[in-house]
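Taking it in order: structure first as structure tokens, then the write-up.
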Amino acid sequence: VDGDMRLSGAVCSRDIRLTGGRICGDVDMVGLGTGDLVFSQNVISGRFELRPAFIQRQIWLDGTRAAYPSVHFDVLQPALPPNSISAAMTCRVLKGWLESANDYAAMDQVILLARRHERRLRYAGMFGLGPLLRMVEWILLDMSCGYGVRPGRVAVPAVLSVLGFAALY
């Protein structure tokens, strides 16, 4: 596309798919309503504004690069793909876009979603032990460092570990 692509306010009862494209201008998707939004492996040299009104099913953004992205994550979060690989890749793209826009609150949510999907992928074929291994990893890693975990959920295991080692001593 040599120029701008404006889909503002458009309502599509089916899907919108653009894969492997090069857009030499701005992409404007404010108020867009669609089924699936597949926007993969694209290069956008201008501004990319993605604030859809609704997405009925899923959104795929994996591999898309934009010079000046602007996204509204609260609308996009329920539309992440059910496939953990696509969801993790889409989250990584969104993280970079939100970081460049200095939207750190939404970026933290995206990082946690990406980690959740990547963890599901890691333990997918563990002969039924996947949920147990995910819980152990969550307790050992996430609870000990506290990133993205409520303070009470970190404080309780910390106090229990101090009391437990004190009792052993």
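What you see below is based on every heavy atom in this structure, not just the backbone, and it leaves out hydrogens, waters and symmetry mates.
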*Pair Asp28-Leu7, side-chain contact (heavy atoms from CB on, under 4.5 Å): steps then yes or no*: CA-CA 6 Å; Asp28 192 354; Leu7 295 172; over 6 Å; no

*Does the side chain of Met29 reach to within under 4.5 Å of the side chain of Met5, using non-hydrogen atoms?*
yes

*Which heavy atom of Ser45 sits nearest a heavy atom of Cys24, and at what distance?*
OG-CA, 3.2 Å

*Side-chain donor or acceptor of Asp15 paired with backbone N/O of Asp36 under 3.5 Å*: yes

*Over all heavy atoms of both residues, which pair between Gln41 and Thr64 is shortest? Give the atoms and the distance, please.*
N-OG1, 3.5 Å

*asked:* Whether the side chain of Asp26 engages the backbone of Gly46 through a donor-acceptor N/O pair (distance < 3.5 Å, no angle test) should be reported.
replied: no

*Determine the sole option in Leu18, Asp4, Val43 for which the side-chain contact (heavy atoms from CB on, under 4.5 Å) test with Ile23 is passed.*
Leu18

*Side chains of Arg17 and Phe39: closer than 4.5 Å at any heavy-atom pair?*
no

